[in-house]
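Inspection log for the structure reproduced underneath, given as C-alpha cells.
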Amino acid sequence: MKEIWDFTAPEDDDLDPERPSDLALDRLYADELDGEAAARIEARLAASPDDRARFEALDRHFDDIDEVDPRRLLASIRREAEQPATLMERLRAGWMAWIGGLVVVGAAVIAFFVLRPAANGPDGLGPGPDIVTLKGGPVLAVQRRGADGRGQPVASGEPVAPGDTLKFTVTLSARSAVRIIGVEADGARYDAFPLEGGPSPIIEPGEKVPLGGAVTLDDAEGRETLFLLACPAEVEPADCRVGADGPACPDGCRFDRFVLDKQGSAQ
Amino acid sequence: MTRHELDQIAVLFRQHGRMVYRRCLRILGNPSDAEEATQEVFIRVIRSKTDSSQRESVVQWLYRITTNHCLNIVRNRGRRGELKADREAELPRQRAETEAPKLLLLRRLLVEADPQQAQAAIYVHLDGLSQREAAELMGVSRRTVGNLLERFTAWARERVDA
C-alpha cells in the first residue's frame, strides 16, 4: 500500500520545479522552443552540471548505444516502408478482425453505398445530406438528453441548441479503436470522445454500443461536424488529421460524419 | 516510395530515432523490445503519410505516437503474460535503487489501468513531466491530468490491496 503512495507523491515533492524535463531538453535539442523558453533552460543548464550532463547525453550519437545498430535499424525501416503491407502484416495489424466483421455483414457489403435509415427528430425533420454511409462502416448515433433525463434521438443536420447535452452510441462491425472528433464552425476541433483525450478506447463490435460521457454544447452557433473515427485496434485514431472536409487517417481507419446545426434556441 | 520520401525517413530517423528508442526503452524496459517498437513507430509514421514538417512540434508528436504505441505493446503483452524482465538502467532520474521497485510496479499496473490514466501516469510518473507538460501532450487541461492521476492512484491502491 505504501509503495503505491510512494511512487507518486515524493517525486513531485522532492524534485526541483525548475529542473527541465527530458521533453523540454529534447525540444531544446531539436530547436523547437521559443526564444524565452530556450533561454530559460539554457540558463539552467549553465548553472546545473547535472542537467548539463543530461542535455549533452542527448547529443550522443545513436552509435554510442551499444545494443542498437542504427544503420541496421534504419535499413529495416526503409525496407519495410518500401514494401506494401503484406497479407500477413495486415492480418497482424488487425485486418483479420475487420475482414471477419465484413464477412458477418455479408451480402450487404456488395451494395456499396446505401442510405442510412432516416431517424426523424422530435420536430419531424429528416436527416440531412450527410447520412450517406458505407454499409458495414461505423455508424454514429446521437441522443439529446431531454428534460425527463431520457435520451431523444437526434438526426444528422437537425438543429440543436447551446447547452444541449449529447450522448453517443456507435455501431461497429469489428473491434475498433474509437474516437469522436468535433469540428466547430470556425474550424476549431475538440475531443468529443473520449472527453479527456488520451488513447482511444477499444470498443467491441455491436449495434448502438453506448459510449461513456456526455458532451454539453457551448454557445458557439453554426454547423458543427462530429467525425466518428474507427480504426483497427492497433491503430490510434488520434493520429488522424481531421479538418472540416473530413479526416485523413492511417490505413484501415473508417469514419462516419454527423452534422449538428447549432442554433441559438432549443428546438 | 520515392527517393525523396526515403530521404525524409532517413532525416527524421537521424534527428529523432534515438529519442524514440529511448522512450520505447523507458516504457518497455527491454532493449530488443525497444528496438522493434522504434522500427514500428517509424513505419507507422511513414504509412500515416503525415508530413512531419507541418507539425508545430515534431518532438511532441513523436512522444505521443511512441507513448501510445508502447503502451499498447505493454498492455497486449501483459494480457498475454509476455512481459519481459524490466530493465532498471533507463530510469529518468538516476535513482535506480529507490525507484526500480516503483518502476516495476508501475509497468505492471499499466497493463490493466484505464488507458487515459495509464497515459497520464507514463508522462508524469515514468517520464517525470510536469502535469502542465503532460496536459499539453494529451491535449487536455492540467486539472484533467490531475484528476486522471488521482483516479489512477486510487485504482492502483485498490489493485495492490486486492
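Throughout, protein chains are lettered first and strands after them, A, B, ... in sequence-line order, and every chain is numbered starting at 1.
- Scanning both residues, A:Pro199 and B:Leu71, for their nearest heavy atoms gives CG-CD2, 4.1 Å.
- Counted within 6.0 Å of CD on A:Glu36, heavy atoms from surrounding residues, nucleotides or ligands total 12 or fewer; the atom is thus considered open.
- Here CE of B:Met19 is found 12.5 Å from CG of A:Leu25. Values are rounded to the nearest 0.5 Å.
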Run the salt bridge (Lys or Arg N to Asp or Glu O under 4.0 Å) check on A:Asp239 and B:Arg44 step by step: do they pass? CA-CA 10 Å; A:Asp239 293 342; B:Arg44 191 171 160 186; 2.8 Å; yes

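- Under a 3.5 Å cut-off, the side chain of A:Glu32 and the backbone N or O of B:Val58 do form a donor-acceptor pair.
- Taking 4.5 Å as the limit, some side-chain heavy atom of B:Ser57 sits within range of a side-chain heavy atom of A:Arg27.
- Taking 4.5 Å as the limit, every side-chain heavy atom of A:Asp26 sits out of range of all side-chain heavy atoms of B:Leu62.
- Legend: residues meeting salt bridge (Lys or Arg N to Asp or Glu O under 4.0 Å) with A:Arg40, ordered by chain and number and at least two apart, are absent.
- Side-chain contact between A:Leu23 and B:Asp127: absent, with no pair of heavy atoms (C-beta onward) separated by less than 4.5 Å.
- Note: A:Leu73 CG to B:Tyr21 OH = 9.0 Å, rounded to the nearest 0.5 Å.
- For chain A, the nearby part of B:His16 is the side chain; its heavy atoms alone come within less than 4.5 Å.
- The contact between A:Ala24 and chain B is made by backbone and side chain atoms together, counting heavy-atom distances below 4.5 Å.
- For the pair B:Gly128 and A:Ser21, the tightest heavy-atom approach, listed with the atom from each and the gap, is O-CB, 4.3 Å.
- Inter-residue side-chain proximity for A:Leu74 and B:Phe42 is flagged as unmet; no heavy-atom pair is nearer than 4.5 Å.
- Using a 4.5 Å heavy-atom cutoff, the side chains of B:Ile46 and A:Ile77 are in contact.
- Of all the listed residues (A:Pro194, A:Ala30, A:Pro250), the one sharing the greatest number of non-hydrogen pairs under 4.5 Å with chain B is A:Pro194.
- B:Glu136 touches chain A through its side chain: at least one heavy atom from C-beta onward sits under 4.5 Å away, while N, CA, C and O do not.
- Put simply, of B:Arg14, B:Glu35, B:Gln15, B:Glu40, the one with the most heavy-atom pairs under 4.5 Å next to chain A is B:Glu35.
- Considering only heavy atoms from C-beta on, B:Asn72 stays 4.5 Å or farther from A:Glu234 through its side chain.
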Test side chain to side chain contact (heavy atoms under 4.5 Å, CB included) on A:Glu236 and B:Ile65; report intermediate values, then the result. CA-CA 8 Å; A:Glu236 174 50 66; B:Ile65 293 175; over 6 Å; no

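- Neither the backbone nor the side chain of A:Arg189 comes within contact range of chain B; no heavy atom of the residue lies under 4.5 Å from a heavy atom of that chain.
- No salt bridge links B:Arg23 with A:Asp22; every basic N to acidic carboxylate O contact stays at or beyond 4.0 Å.
- One finds the CG atom of B:Asn68 at 7.5 Å from the OG atom of A:Ser200 (value rounded to the nearest 0.5 Å).
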